[in-house]
There are 2 protein chains.
Amino acid sequence: MSVTASPDVNRVMCPSRLILEHVTSRWGVLVLAALLERSYRFSELRREVGGVSEKMLAQTLRTLERDGFVHRDARPVIPPRVDYTLTELGREAAEQVWGLARWTERRLDAVFLAREEYDKARTP
Amino acid sequence: MSVTASPDVNRVMCPSRLILEHVTSRWGVLVLAALLERSYRFSELRREVGGVSEKMLAQTLRTLERDGFVHRDARPVIPPRVDYTLTELGREAAEQVWGLARWTERRLDAVFLAREEYDKARTP
DNA sequence: CAGCATCCCTGATGATACTG
DNA sequence: CAGTATCATCAGGGATGCTG
């Protein structure tokens, strides 16, 4: 951060906290990551993400769509076909969280090591 | 999933998901952001973050300490004095989430605009 | 197929009181 | 000061059933 003045953490975070929670939510992260690769239909995405209920996937997609991250393309055919795609804004968001995810992945070992030491230190 | 070729989202995300949730949690983000600037004592940090209960701050700090992000320096004095500082690993984590937070902040307008349109479109 | 509505339950969070 | 312990609350998330 700008190490200089007092960035008043809360002032910066409060307005964007809800959005942050949307993109970093359990399913939000996975949906954005999946869509970063390509567009998906609803059921396809559900299989791709794995473990998500219909309700949560629908809710997540609605939230992301409302925030302008995801474009919903519903075609008037029988049976219904709905494709979900990242918008440009969504692609930026997805790249950010994907970056964070990859950093976490890279440093996994360090975290596990730290945990081991932490636990060992207080279980004599 | 894993049916697909490329970035197998779940394989990458699953192990690190818990860590991701720690650093992107409501208070985790704010604590990391605050500590990015300088070290803090417990009560200081509580005031700086604002709105966090003692319980949640303690819990958040313990989690971050266990993951190796935060160093806890408890001095044996009366009254007690405990300083919290980012480790190198923690600084990396903090910079990642702070980057994400700033991106969110930068694109706030775009998100609000998208929401307005979304809401307007279905409240005729 | 792509959802929405409903019920239900657990775990996360907050308020309060107490301790070393 | 720096927490821990306890209790109450409440929203997130899953399971199920129904519709266009």
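Note that this is a predicted model, so its numbers are computed, not measured.
Applying the side chain to side chain contact (heavy atoms under 4.5 Å, CB included) rule to A:Ala34 yields the partners A:Tyr40, A:Leu45, A:Glu48, B:Val9; only residues at least two apart in sequence or on another chain are considered. For B:Arg26, the side chain to side chain contact (heavy atoms under 4.5 Å, CB included) partners are A:Arg17, A:Glu21, not counting sequence neighbours. Under the side chain to side chain contact (heavy atoms under 4.5 Å, CB included) criterion, B:Arg106 pairs with B:Arg102, B:Trp103, not counting sequence neighbours. Residues passing the side-chain hydrogen bond (donor to acceptor under 3.5 Å, both in side chains) test with A:Glu44, sequence neighbours excluded: none. Partners of A:Ser43 under the side-chain hydrogen bond (donor to acceptor under 3.5 Å, both in side chains) rule, at least two apart in sequence or in another chain, do not exist in this structure. Looking at residues two or more places apart in sequence or on another chain, you find no salt bridge (Lys or Arg N to Asp or Glu O under 4.0 Å) involving B:Arg46. Not counting sequence neighbours, the partners of B:Asp83 by the side chain to side chain contact (heavy atoms under 4.5 Å, CB included) test are B:Arg41, B:Asp73, B:Arg75, B:Arg81.
In this structure, CD of A:Glu44 is placed 13 Å from C1' of C:dA2, rounded to the nearest angstrom.
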Contacts under 3.5 angstrom, residues 53-65 of chain A side chains, donor-acceptor by atom type, not counting sequence neighbours:
residue, atom, partner, partner atom, Å
A:Ser53, OG, A:Met56, N, 3.2
A:Thr60, OG1, A:Met56, O, 2.7
A:Thr63, OG1, A:Gln59, O, 2.9

All N/O donor-acceptor pairs, side-chain side in residues 109-118 of chain B, below 3.5 Å, sequence neighbours left out:
residue, atom, partner, partner atom, Å
B:Arg115, NE, A:Asp67, OD1, 2.7
B:Arg115, NH2, A:Asp67, OD1, 3.0

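When DNA chain D is scanned 5' to 3' for any atom under 4.0 Å from a heavy atom of chain A, the first and last hits are D:dG13 to D:dG20.
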Indicate for each nucleotide in nucleotides 4-20 of chain C, in 5' to 3' sequence, whether protein heavy atoms under 4.0 Å reach the base (B), only the sugar-phosphate (S), or nothing (-).
-> B-B------BBB-B--B
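Rounding to the nearest 0.5 Å places CG of A:Leu100 at 6.0 Å from CD of B:Gln96.
Within the helix from C:dC1-D:dG20 to C:dG20-D:dC1, the inter-axis angle between the opening and closing five-pair segments is 50°, rounded to 10°.
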